[in-house]
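Just so you know, these numbers use all the heavy atoms, side chains as well, and skip hydrogens, waters and symmetry mates. First the proteins, then the strands, lettered A, B, ... as listed; each starts at 1.
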Amino acid sequence: MTSTYVATLELAAGAVLLSAVMTLWRRSVSSIVAMLRLQGVALCAVAVDLALHENDRALLVTGALVLVVKGVVVPTVLRRVAKWDPRSRESRPLVNVPASLVFAAGLIVLSYVVGTRITSLSPDDATRLAPLGLATVLVGYFMLVTRRRAVSKIVGLIVVDNGIALVTFLLTSGVPLIVELGSSLDVMLVVVVLQFLMASVRHHSRIDALTELRELRD
Amino acid sequence: MTLLLVALGVGALAALAGAALARRWRVAVASTLGALGCVLAVFAAVTTLRGGATTTFHSAQVLPLSGVSLTLDPLAAWFILVSSIVGAAACVYNVGYAHGALASRPAQSTFMLFTFSLIAVPSASNITTFMFGWELMALSSLLLILTEHARHVEARSAALWYGVMTQLGAASILLGLLLVSSHGSAQSFAAISAHAAGLSPATRSLAFLLVLGGFASKAGAVPLHVWLPKAHPAAPSSVSALMSSAMVAMGVYGIIRVGQGLLHGGTVWWWFAVTLLGVVSAMYGALHATTSNDLKRLLAYSTIDIIGLVLTGVGAAGALKDSGQPMVAHLALGAALLLVLAHAAFKGALFLAAGAIDRSAGTRDLDLLGGLIHVMPVTATVIVFGAGAIMAVPTLSGFSSEWLLLQSFLHGFTALSTPVVIVMLLGTVALALTGGLTAVAFVKVIGIGFLGRARSEGAANAHEASRSMLVAMGALTIPSVFLGVAPGLVGAWWERAVSLALGRSSDPYTPSTGVVLARLGGAIAPAAVLVALIGVMSLVWLLSQNRTARHARRVDAWGCGRDGQTSRMQYTATSFAEPLQRVFADVLRPQSDVEVTHVVESRYYEQSLSYESRIVDVFEARGYRPIIGWVLRAGGAARRLQNGSLDRYLAFGFGALIAILVVG
Amino acid sequence: MTGWVYAGSATLIQVVTVGLGGPLLVGLMAKVKARAEGRVGAPVVQPLRDLRKLATKERLHARHASPVLALAPVVIVASTTVAVAISPLVSTRPLLGSSADILAVVYLLLTGSAAAALGGLDVGTAFGGMGASRAMTIGALAEPALLVAVIALSLPSHSSNLPRIMASTLAHPDWVLGPSRLLALAALVIVVIAETGRIPVDNPSTHLELTMVHEAMTLEYAGSELALVTWGESMRVGLLFSLVANLFVPWGISTHATVLSVVVAVASLAAKTMLVALGVALIEVRSAKLRLFRLPELLAGGFVLSVLAVVTGLVTR
Amino acid sequence: MLILAILAVPVSMTVVAATFSWRAWVGWVSAGSCALILGLGIALGVATSSGPQWALHHSLRADSLSAFMVVVIGAVSLLATLFTPRTMRQELSGGIISARYARHYVVLMQAFIVCMLGAVVTANLGVFWVCIEATTIATTFLVSHRRTDGAFEASWKYVILCSVGIALAFLGTVLVYFAERHVPATAHGSSLDWTTLTALAPHFDPNVTRVAFALVVVGYGTKVGLVPMHSWLPDAHGQAPAPVSALMSGVLLSVAFYGLLRFRAVAVAALGPTFPRALLLVVGMASLLLATVMLIAQRDLKRMLAYSSIEHMGLLAVAAAVGSPLALAAVLLHILGHGITKAVLFLSAGEIAHLEGTTEIAQISGLLARRPALAGIFGVGLLSLIALPPFSLFVSELTMARAEVDAGLWWAVAASLLCVSVIFAAVGRHARQMLFGGAVADAPPSATDRSLVLPLVGALVVCGALGIVSWPLQSLLVHAAHGVMP
């Protein structure tokens, strides 16, 4: 039983990180969103696995919530938003794809080094994997910085959020419910805000992509 | 202390009256209350100077997180005396002078605030109270400079220069004081004084240099003076008078209070630096005063000159105390204090008179004035007395203080330490070099501005100032003359102030109306000299009234036989100072443009010729402008940090995150 | 009581001596110059005769003149007279001798110069302004040298009180030939020439527009006022010559209240000042007037000499 | 009870605003509710002087610090909401927005105030985080309220940067929780209560706490406007309607800073003073320096005010680094003074922008001659902002400097005084251009109406009084400062 739990946990957590790296690798917006969906599902798997292992009903609910929000709602909304954008590919990232992947590898190593320092406090099966979450955060952030398209940026932001959620699950087996609720709620609200923004900009129809906006400057 | 608190309270009332009352009553009521408060402050100061006890006041209910703390001791009282005398005169002057923007609510209220912050600053005895008063003084004067911004465009940039310099100065002072304060909670001057002895010499020296920078800038010492010749002329004259006579004195007060009172004198190098500042200021100020043509600018430069001499005295006192000659040190500091008071009186009167001229002739450019003695006889008399005092005409106040200064230098030469002797030598040289230049400057003021014939419509149609203005100027002339004729009568007062700063010592003075230094072998009896002068003058006058013509016959001016002299043929202020300007061209670096327009028909005939000459402040052009340029360029370059790119903004955070993970 | 009488009479004698002697010195110098140039020259008493004649003439004022025009000559004469009265010329104990400070004398003279300049500016003619400007410039440049030179003299006696300086010089004859004294003497001679308006600084006997300094200021004066100005100027000559003479060679001056000593003092003063006048006249004869803008070099030289005198005094004490 | 009332007032006001369509009275009532909050805050201050108050099963907790923050929020929001009717009138008549958005505006403003109040009275740092996040959402819509290109751009940058920052803060919070859960032999069980955390902090694992605190500083520092995540601030403040800028700059930054103060107490208890001090010093000095250089060549009026907020937050961070009771009391006084002053400035700048039709400094000139009252208020506000007496910012900056030198940080004081002086020069230069510059017009000066002048003058008078009279605020400040001492 334990070994299944550990194997599932490792697989799911690895999937979260892998899908984060995949978002860096792929260019077409639709496949990036698909990766995001995969990541949501993997995250849900982590939560459910932990919940079953610890008999934590609240965490089970959280897992369900994650599946709904991150596996279904967010990618769907994003797909809709992406339709507004005529150029569906991330054509000119600030750092090109191969370099990004090399950089991501470096970030993963860094998070491993840093992560072990943190997890050494209580090195159990779940906590051990926390560096994977940290790496997801860094990779997501890297995407946020280097990808120009609005949708890519939102994806990066959500990857960061997912990474944090992964760290949260692994380190604490879920913080008190209200926080988790808040966090999921928040991601959803962020998406709503973003959709609103995109729509508004479309409405004004003068600027193609939000990220091209550089009117406000010193 | 009660009296001082009442005075400050009356001052607050005056400020309120200025802010609240309708135009009809505002100026009169505010000025009356202001003058009343100043007179009360004079009494408070005199009570302490006459041997009254040192009193303190503390309240935690005022000034959050620190509490207000006031101490009235003889040193503070001396400077309160300085500012309240000028303050009273300025308030009286205000009645007739305030017009237009200056009579508005904000201006009147701020004016009162300024007057009383000058009285509050010397009495402050903890860091917060001191800085509060100091900054309030700076702020209110800054606002007052701007009152006539609509009429004088240059006031805007003058205010900015002033504001920035005073802000830097205040920052420097604050840092210096904090460095020597024992604890944030124990920030009273008494605690600092007790604590300072245990500090390392390096800390104390650093603190003193910082504080010196701030105070010297306020006092207008070269090279920190650049704001002064801009700001003092730009302010309304009642304010210029206060700034130039009382506010610069606060810089001197600060140096004495911190250097001697809180830090106990330090080393000879501190005072060497002070002297050097003083010598450079005195010479530079005197030189620029001779070549300035704007009356108020000339007065401002002359302030730099006199304050330079004061600083020389302060520096000499510090150096002498350090070399173990306390009695001579007392003499030097006493001379400095006396000069501060004398300067306040005569410079105050001069600025007020300059305001009267500006108001009635519509210009302060000496090149456009002339002949004012015929239309403004009282103002002219005030100017003559003021100029006489500043030129150190014997029996006027400038003379007695400069004599004391010279005595201290002379006796200071007996010191065995070389730096001290060099200090004395520098002081002597400064005194010697400035005397003649000051005479040129003020002969120019009187001779070009008041004598001769009017050079412009404004000057020709000028009229005497209003009564309250004349009363104020006249009132300030009285202490100026009194301190010259009978300085000995207040000798005990300044000696008390000096003792507080330098510690008790054998008193060098012997009671007299003049100043008698029995133990050092020197004396002046200005009163007797005055009697002799008046006697001889009357005698000569009587003898020269010969039988043939009691009244002189009026004829055309001879002018070497040139018929039809016009006012344009007179020497102007520029031409008067031209020889000196040429002599000191290396320092002044005058720039001149000559533009010749030829007649169309022939190049041998000139249609018109224009000549323009100006003197820019070397320190401003070579020292300050480049720094300002660097700062502006840095600001321009920094704009690239915020270039509008979200990617860049996010990258800042990403870098921070990586750094945290690596370091943490 | 005798002290008061002595001091009072000494003061009076000083004023009379310098008052009469000043013009005579001027006359003497003119005579010497004339003789040196091979002329007969006017009698030595000519300046006194001129003064008497002017005093009876009508007073004329320009139309735009102010009371300053009339007041200035009075101030010139009064300030010089007081300076004479308090300085130890005949006696080391004149009335107000305790006030006979170097600074007082210097600034009294400066007051006189300023009054003269103001008188020159009052009428508002080009020449008056020119003269005043030049005179003040020269004065401003000469004053530092003067002040520092007298400081150098006062260093050994630790006092700037003139009677004290002379008393201590009398007590220490060896000071006279010290290097500091000699340097100060050189500086003082330059200053005195400048302050009294002699060649090479100014030429008192010319009315050439381009060069005149002092005379330009007095162009608008006439009658008794011109007499006062001229008299004040010659008293100044007398005072400065006497001071130079007495500061360096004080012997002969009366130090106690006897008639004989006073007589001797007057005689010796006359002799000493005549010698100084002779020297100055010879300098005048032997040099040409400097251009106005070369003057600073001369006066700066005087200043440097005086500073050197102070430094030497400090080093050799 | 008091705590609940404080939350209930704006919540019910939000409901009211959502129910009725926009009328001027809605604006006035919302201002009234803010006045009520201010009053309740003062009452809370009195009540908490004897000890913290609890409500809702210990999920809400108010000590003197919370009470003080409620007062700050109440005061600034009162000032900002007093301008709601005016702003709406201008925008509706100018055709900038439709009536629907006027209603949105009032609802969002009230929701924004609720979130801030919630943040300062909650006992739980998770809830604190949620409240801060919620302010981001509310303000995003408020920033884009005018629906111009610039407004959308600003709110886009704002929401992205703040989301990232707030996510990092969440990660930090999680790590703190992780550290708390692994405190050996904990008898209390784990919770995210400030009090529990502070009590347990000495047993925290230093490695974890260090990273956690650093993440929190960067994360909440985003909302505070501290370097390196400050970049959203000038854009958002520049584009938002004036009352929104006033509220954001005046209190939102300070509420986030309040969180930093709480976390700092925990971090100091866990790590000792060195690391928190170093970290806060670095971000504080960097913010100060950045604000200084950016202000020198600033070209936009509202951005100038925004950078000045960064400057003041930097000063606060440096003082918080010291963390002595004196420094913290000064920090709090500074928060209050800065809040009111900045609100006055943004509101008057909004009016200037409305009247002049531009916020570009170079295009505004001679204001003092043309609009003496408005320009006078703006000028006096700037004087208060650059910390001149008698305004309270002077006393608080001076006290912060005292406390810093006390802690041996005299070089930091030297550097910040230099920066402040350069800022003085820069702001002075811009003010000269706007207030005095240009030729003086012949037209008679135009009057400014009283509804604008009175509140602003009143606020400035309060600022001045706070700088002179210490009663009754001082005891509250001292109490509150002790609340965040480890």
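Residue Leu143(B) touches chain D through its side chain alone, counting heavy-atom pairs closer than 4.5 Å. With a threshold of 4.5 angstrom between heavy atoms, Leu139(B) approaches chain D through side-chain atoms but not through N, CA, C or O. In this structure, chain B has a heavy atom under 4.5 Å from the side chain of Leu333(D), while its backbone stays farther away. For Leu657(B), the part sitting under 4.5 Å from any heavy atom of chain D is the side chain, from C-beta outward, and nothing else. There is no contact between Ala159(B) and chain D, counting heavy-atom distances below 4.5 Å. Contacts of Arg429(D) with chain B are made by both backbone and side-chain atoms, with heavy-atom separations under 4.5 Å. Interface remark: Leu160(B) contributes side-chain atoms only to the contact with chain D (heavy atom separation under 4.5 Å). At a 4.5 Å heavy-atom cutoff, the contact between Val218(D) and chain B is made by side-chain atoms alone. Neither the backbone nor the side chain of Pro472(D) comes within contact range of chain B; no heavy atoms are under 4.5 Å apart. Contacts between Ser172(B) and chain D at a heavy-atom distance below 4.5 Å are absent for every atom of the residue. With a 4.5 angstrom heavy-atom cutoff, Leu113(B) does not touch chain D via any of its atoms.
A salt bridge is defined here as a Lys NZ or Arg NE, NH1 or NH2 lying under 4.0 Å from an Asp or Glu carboxylate O, and Lys230(B) with Glu154(B) fails to meet this definition.
Your options are Phe213(D), Trp410(D), Phe275(D), and the one with the most heavy-atom pairs under 4.5 Å with chain B is Trp410(D). Contact count versus chain B (heavy atoms, under 4.5 Å) is highest, among Leu398(D), Val211(D), Leu383(D), for Leu398(D). With respect to chain B, the highest number of heavy-atom pairs below 4.5 Å among Leu368(D), Val217(D), Val395(D), Leu215(D) belongs to Val395(D). Per-residue heavy-atom pair counts under 4.5 Å with chain D were compared for Val663(B), Leu641(B), Leu146(B), and the maximum is reached by Leu146(B).
Separation of atoms CG (Leu290(D)) and CG (Leu295(D)) is listed at 9.0 Å; rounding is to 0.5 Å. Residue Thr115(B) holds its OG1 atom at 5.5 Å from CE of Met112(B), rounded to the nearest 0.5 Å.
Ring geometry for Trp232(D) against Tyr158(D) counts as tilted: the plane angle lies between 30° and 60°, on a 0 to 90° scale.
Smallest separation of non-hydrogen atoms from Ala330(D) and Met400(D): CB-CG, 3.5 Å. Here the shortest heavy-atom pairing between Pro234(D) and Ser231(D) reads CD-O, 3.5 Å. Scanning all heavy atoms of the two residues, the minimum distance from Leu477(D) to Leu65(B) falls at CD1-CD2, 4.3 Å.
At a threshold of 4.5 Å between non-hydrogen side-chain atoms, the residues Thr110(B) and Leu144(B) count as touching.
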